[in-house]
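Basis for what follows: all heavy atoms, side chains included, without hydrogens, waters or symmetry-related copies. Each ligand, and each atom within it, is numbered from 1 in the order the structure gives.
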Amino acid sequence: MDILNVLPEATFAALDDLLAFISIYDDQVRTRAYLRLLRAHRHAIAGAVCVDAGCGMGYFAEAMVRLGARRVYAVEANPHLYALAAERLAAYPQVICVHQPVQHFEPEESVDVLVHEFFGPLLYDEDVHVLEQLRFQPRLVLPDRAVLMGGLTWMEQVADETVTPAVVQRLEGALVSGLFDEGRLPLQFPVIQWAWGQAEREAVCDLSGREGDLLYLGLQIYHGDRLICQAGRCENWPYVWTPRAGDRFRLCFVPAERGAEVHFTWE
Ligand SMILES: C[S@@+](CC[C@H](N)C(=O)[O-])C[C@H]1O[C@@H](n2cnc3c(N)ncnc32)[C@H](O)[C@@H]1O
């Protein structure tokens with residue numbers, strides 16, 4: 001979904017984000033995996049003060065109410081999503097909808113549980129960095145860990161009549177999401193990790209000794225050791241592809257006002 005006409009910059013940004021974020025709800029595997037994660041922590045949520053950080057349409061806030069939360073702050077920066085969530089959640093007196101970037105939010109009581117889904121296909125390329133700037137300290141963060149994994153294959157094995165090896169070679173230096181279907185290609189090695197309280201944001205990855213001329217990257221989301229969901233199985237996070245142009249690459253993320261800039265180079 002693309003907006004095709006000229007609009008004032010702020011109007012465009014808010015509507016563009018609205019259209020980008022509602023498309024995540026096409027991915028029911030992702031949403032169900034998160035709802036399972038919440039249910040697995042029902043004992044921590046019952047009676048608790050919870051924050052749904054970047055609540056979108058507010059489904060996780062609603063789930064936490066149903067699991068017995070005493071209060072849920074549904075915090076959303078986008079004005080359109082905030083309005084839609086506030087409308088949906090109006091039936092629940094336990095929910096307070098907050099239209100604010102979550103890093104500016106200062107609750108008047110201590111927070112027990114925070115749920116968030118700020119991950120991009122490259123882990124840090126959306127808004128996960130905002131969790132480093134919170135003005136409150138939740139006791140439990142769901143989920144608490146994610147890993148960007150890598151793998152190598154051969155262009156000849158995945159190329160089709162349109163995206164031929166010759167086309168792929170032209171993409172040197174570009175990270176392209178959704179270029180091919182993930183098929184059964186396994187995620188083989190860790191590239192960069194995020195854990196609650198431990199952001200990395202820059203990695204150098206050494207591919208020496210590994211075979212393949214096409215690199216792919218895919219996200220895995222964990223809580224502790226439990227895999228919650230992953231790229232390839234959730235359409236919200238496609239694999240990201242690039243032709244191999246060396247044995248080492250550097251990946252670096254610079255937080256920006258909307259998401260984070262991604263810098264990628266072969267060394
Ligand atoms: C990937 S969506 C997830 C929505 C919802 N939590 C879910 O998983 O169904 C991320 C949401 O976070 C919101 N968001 C992004 N940065 C934010 C910030 N700094 N503070 C509050 N909301 C933010 C976006 O507008 C979007 O609604």
Side-chain angles (χ1 to χ4, degrees), residues 1 3 10-39 41 45 50-67 69 72-89 95-107 111 113-136 138 141-144 146 177 194 199 219 221 223 228-231 233-238 253-261:
M1 290 179 279
I3 301 168
T11 308
F12 182 92
L15 288 176
D16 195 41
D17 281 349
L18 167 70
L19 294 175
F21 286 125
I22 56 166
S23 68
I24 63 175
Y25 296 111
D26 292 339
D27 182 355
Q28 294 188 9
V29 178
R30 177 207 78 104
T31 305
R32 280 196 220 112
Y34 259 74
L35 294 175
R36 271 198 304 277
L37 174 67
L38 293 177
R39 283 198 298 275
H41 291 84
I45 292 170
C50 303
V51 171
D52 184 353
C55 71
M57 299 291 284
Y59 294 124
F60 302 161
E62 184 175 24
M64 291 191 288
V65 169
R66 295 200 166 156
L67 292 170
V72 179
Y73 293 96
V75 186
E76 174 54 54
N78 181 281
H80 303 291
L81 285 159
Y82 162 76
L84 290 164
E87 210 171 291
R88 279 197 67 251
L89 297 168
V95 178
I96 298 175
C97 291
V98 181
H99 178 211
Q100 212 174 29
V102 71
Q103 63 273 32
H104 297 173
F105 173 55
E106 292 186 70
V111 171
V113 180
L114 176 140
V115 63
H116 67 95
E117 200 280 79
F118 285 135
F119 301 117
L122 292 171
L123 196 168
Y124 287 98
D125 51 327
E126 287 187 7
D127 295 296
V128 72
H129 62 89
V130 303
L131 296 179
E132 293 156 42
Q133 302 156 37
L134 295 182
R135 299 182 182 180
F136 58 94
V141 173
L142 299 172
D144 65 3
S177 67
W194 170 84
L219 182 70
I221 299 175
H223 188 73
I228 306 303
C229 43
Q230 71 170 350
R233 295 188 207 158
C234 295
E235 60 194 54
N236 186 50
W237 297 290
F253 301 88
V254 181
E257 202 168 318
R258 285 175 81 200
E261 288 174 7

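For atom 14 (N) of ligand 1, the closest non-hydrogen atom on the protein side is F118 CE2, 3.6 Å. For atom 19 (N) of ligand 1, the nearest protein heavy atom (residue, atom name, distance) is Q103 OE1, 2.9 Å. The protein non-hydrogen atom at the shortest distance from atom 10 (C) of ligand 1 is E117 O, 3.6 Å. Regarding atom 27 (O) of ligand 1, its nearest protein heavy-atom neighbour is E76 OE1, 2.8 Å. For atom 15 (C) of ligand 1, the nearest non-hydrogen atom of the protein is D127 OD2, 3.3 Å.
Residues Q230 and I221 have side chains not in contact (no heavy-atom distance under 4.5 Å, counting atoms from C-beta outward).
Of all atoms in ligand 1, listed by their number and element, those nearer than 4.0 Å to a heavy atom of G56 are 4 (C), 27 (O).
The pair R30-E235 does not meet the salt-bridge criterion, since no charged nitrogen lies less than 4.0 angstrom from a carboxylate oxygen.
By the criterion of a heavy-atom distance under 4.0 Å, the side chain of I24, and not its backbone, is placed next to ligand 1.
Qualifying side chain to side chain contact (heavy atoms under 4.5 Å, CB included) partners for L15, counting only residues two or more places apart in sequence or in other chains: I3, L7, T11, L18, H80. Partners of A69 by side chain to side chain contact (heavy atoms under 4.5 Å, CB included), not counting sequence neighbours, listed by chain and number: I45, C50, M64, V72.
The heavy atom nearest to atom 11 (C) of ligand 1, considering only C55, G54, A20, S23, is found in G54. Taking all heavy atoms of Y25, Y59, F119 into account, the minimum distance to atom 9 (O) of ligand 1 is reached by Y25.
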